[in-house]
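In this chain, residues are counted from 1 in sequence order. FYI, side chains are in, hydrogens and waters are out, and symmetry mates aren't considered; it's all heavy atoms of this structure. Bear in mind the structure is a predicted one, so any value in this text is a computation, not a measurement.
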Amino acid sequence: MIDFTVERSGRPCPAAERQRALADPGFGRVFTDHMITVDWSQERGWHGAALVPYGPLCMDPATQVLHYAQEIFEGAKAYLRADGSVAAFRPQANAARFNRSARRMALPELPEDTFVRSLELLVTADRDWVPAAQGCSLYLRPFMIATQRTLVADKPPTAARYLVIASPAASYFKSGAAPVTVWLSERYTRAAPGGTGEVKCGGNYAAALAGQIEALAAGCDQAVWLDAVEHRWVEEMGGMNLFFVYGSGARTHLVTPPLTGTMLPGITRDSLLTLAPDMGVPAEEGRLSASQWRAGAESGKITEVFACGTAAVITPVGKVKSASAEWAVGSGPGPVTMKLREALLGIQYGTTPDPYGWIHKIC
């Protein structure tokens, strides 16, 4: 494991100001006192690992990431648990996905134990920033950028930097667990086969903004993406995976679109594929077209739909709009959606046991 040096901030946020920020943190607006930085070069490998005061980065105008978007990131959370401890949820899975993204974007892989250790150091240093309010957490953003000074675009970088910043966060959607309205994007495509759809990189999100703007203009909360080849098959919602609930009672089962290389392999998605069957709700992967979604919702065959991800946890989908159609899904947050949401949050916040070993205690 790489050794870290520690440089504490000489000007931490005053306690009263921090408490005001924690009272209404929003999402991604407020940042803690420290950050992690680790440099990489072709000659030295990983070096200079440090916890340092949060602050601006100094970059040459020719820094590679500014021109060719060689950048990846992760999203994780630290939770204040029922016993007073602070823990992360499956950070090893984040570390593994981070390296899969690095390989695809021609960036250096970071030792997974160093990734986890960087989260531990930052959360421990900024423990006072972990919100205590229900539904809140400390959102962690590890990311890596290519830092070589060059305008050459056809070679992998010879220098990179890994960083982690942290932000106290409330619910991603202001409505909390209330159903959201989604826009079926038929004009734009998020990702294509062979592209970077399964990579957590900023370019995917930038490419999705035009569709998201279209969704907002239509009075929707998020865009839902269809496949790039046929513009028929439902893939994901914004940066979140989708689940469809079929039937009710003993016949209830879940279906989520398969990972074809164009969608992010969500850690929450993976967790639900394990958790749901253990709660008596079978879950499987399966393709679903936009027309099948509409027909299933209108016939009552599809009883609930929800999106899931680290930021939003589990969010019900209540209405779908497109340029030519509109339909409702259920009549509110469905029982299966809320049952799974409560179970997952219970494990994360420590109000229920964790039989899977998903919780990583930090401090």
Side-chain angles (χ1 to χ4, degrees), residues 77 79 81-83 87-90 92-93 134-135 137 171-173 175-180 182 224 233-237 240-259 263-289 292-320 327-360:
K77 285 180 176 178
Y79 304 87
R81 290 165 54 82
D83 63 2
F89 181 75
R90 301 188 66 185
Q92 295 84 359
Q134 185 176 9
S137 58
S171 297
Y172 184 80
F173 292 106
S175 58
V180 297
V182 300
V224 167
W233 303 104
V234 177
E235 293 203 327
E236 60 186 10
M237 183 184 99
M240 293 161 270
N241 298 116
L242 284 166
F243 276 84
F244 298 84
V245 182
Y246 286 80
S248 59
R251 296 184 178 181
T252 302
H253 66 281
L254 296 178
V255 176
T256 188
L259 300 177
M263 292 181 292
L264 187 70
I267 293 168
T268 306
R269 174 189 184 275
D270 180 71
S271 302
L272 290 173
L273 287 172
T274 297
L275 182 61
D278 287 351
M279 296 178 64
V281 183
E284 62 183 2
E285 295 183 329
R287 293 207 301 177
L288 179 79
S289 69
Q292 288 171 332
W293 183 356
R294 181 182 180 183
E298 291 178 343
S299 69
K301 185 177 180 181
I302 295 176
T303 53
E304 305 172 38
V305 178
F306 63 84
C308 66
T310 298
V313 191
I314 293 176
T315 299
V317 175
K319 184 181 290 185
V320 185
W327 65 92
V329 181
S331 58
V336 175
T337 299
M338 297 310 293
K339 179 181 177 182
L340 291 171
R341 189 176 193 274
E342 290 167 9
L344 185 62
L345 289 173
I347 292 173
Q348 292 171 337
Y349 285 97
T351 57
T352 59
D354 168 28
Y356 309 104
W358 288 340
I359 295 303
H360 182 85

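- Side-chain contact check for Leu288 versus Leu242: every heavy-atom pair is 4.5 Å or farther apart.
- Heavy-atom minimum distance, Ala297 versus Val329: CB-CG2, 4.4 Å.
- Without hydrogens or angle criteria, Thr303 side chain to Val245 main chain gives a donor-acceptor distance under 3.5 Å.
- Ring pair Trp293/Trp327 is perpendicular by interplanar angle, where above 60° counts as perpendicular and below 30° as parallel.
- The structure places CE of Met279 at 4.5 Å from NZ of Lys339, a figure rounded to the nearest 0.5 Å.
- Across every non-hydrogen atom of Pro353 and Ile347, the tightest pair is O-CG1, 3.5 Å.
- To the nearest 0.5 Å, atoms CE (Met263) and CE (Met240) are separated by 14.5 Å.
- Between Thr351 atom OG1 and Asp83 atom CG the span is 11.0 Å, to the nearest 0.5 Å.
- The shortest side-chain heavy-atom distance between Trp358 and Thr274 falls under the 4.5 Å cut-off.
- Proximity of Thr256 to Leu272: side-chain heavy atoms (C-beta onward) are nowhere separated by under 4.5 Å.
- Residues Asp278 and Tyr356 have side chains in contact (heavy-atom distance under 4.5 Å, counting atoms from C-beta outward).
- The CZ atom of Phe306 sits 11.5 Å away from the CE atom of Met237 when rounded to the nearest 0.5 Å.
- What you find for Gly332 and Pro179 is that their closest heavy atoms are C-CG, 3.9 Å.
- Residues Phe243 and Leu273 are in side-chain contact: their nearest non-hydrogen atoms beyond the backbone lie under 4.5 Å apart.
- Between the OG1 atom of Thr315 and the OH atom of Tyr172 there is a distance of 9.5 Å, given to the nearest 0.5 Å.
- In this structure a side-chain-to-backbone donor-acceptor pair under 3.5 Å is present from Glu304 to Thr337.
- Here the side chain of Gln348 pairs no donor or acceptor atom with the backbone of Tyr79 at under 3.5 angstrom.
- Between Arg90 and Ser271 the shortest heavy-atom distance is NH1-OG, 2.8 Å.
- Residues Val313 and Leu344 have side chains in contact (heavy-atom distance under 4.5 Å, counting atoms from C-beta outward).
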Decide side-chain contact (heavy atoms from CB on, under 4.5 Å) for Leu254 and Leu340; before the verdict, give the C-alpha distance in whole Å, the side-chain angles of both, and the deciding distance to 0.1 Å. CA-CA 11 Å; Leu254 296 178; Leu340 291 171; 3.8 Å; yes
Go through the steps to decide whether Ile359 and Phe89 satisfy the test side-chain contact (heavy atoms from CB on, under 4.5 Å), and finish with yes or no. CA-CA 5 Å; Ile359 295 303; Phe89 181 75; 3.9 Å; yes
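- Classified by interplanar angle (parallel below 30°, tilted 30° to 60°, perpendicular above 60°), the ring pair His253/Tyr246 is parallel.
- Remark: Glu284 pairs with no residue by the side-chain hydrogen bond (donor to acceptor under 3.5 Å, both in side chains) rule, at least two apart or across chains.
- Shortest non-hydrogen contact noted between Leu264 and Leu259 is O-CD2, 3.9 Å.
- In Lys77, the NZ atom is crowded: over 12 heavy atoms of neighbouring residues, nucleotides or ligands sit closer than 6.0 Å.
- Within the 4.5 Å cutoff, the side chain of Cys308 has no heavy atoms near those of the Arg341 side chain.
- Listed for the Lys301 side chain is no donor-acceptor partner under 3.5 Å among the backbone atoms of Ala295.
- Looking at residues two or more places apart in sequence or on another chain, you find no side-chain hydrogen bond (donor to acceptor under 3.5 Å, both in side chains) involving Arg81.
- Shortest non-hydrogen contact noted between Pro258 and Arg269 is CA-NH2, 4.1 Å.
- Side-chain contact check for Val320 versus Arg294: every heavy-atom pair is 4.5 Å or farther apart.
- The structure places CH2 of Trp233 at 5.0 Å from CD of Gln292, a figure rounded to the nearest 0.5 Å.
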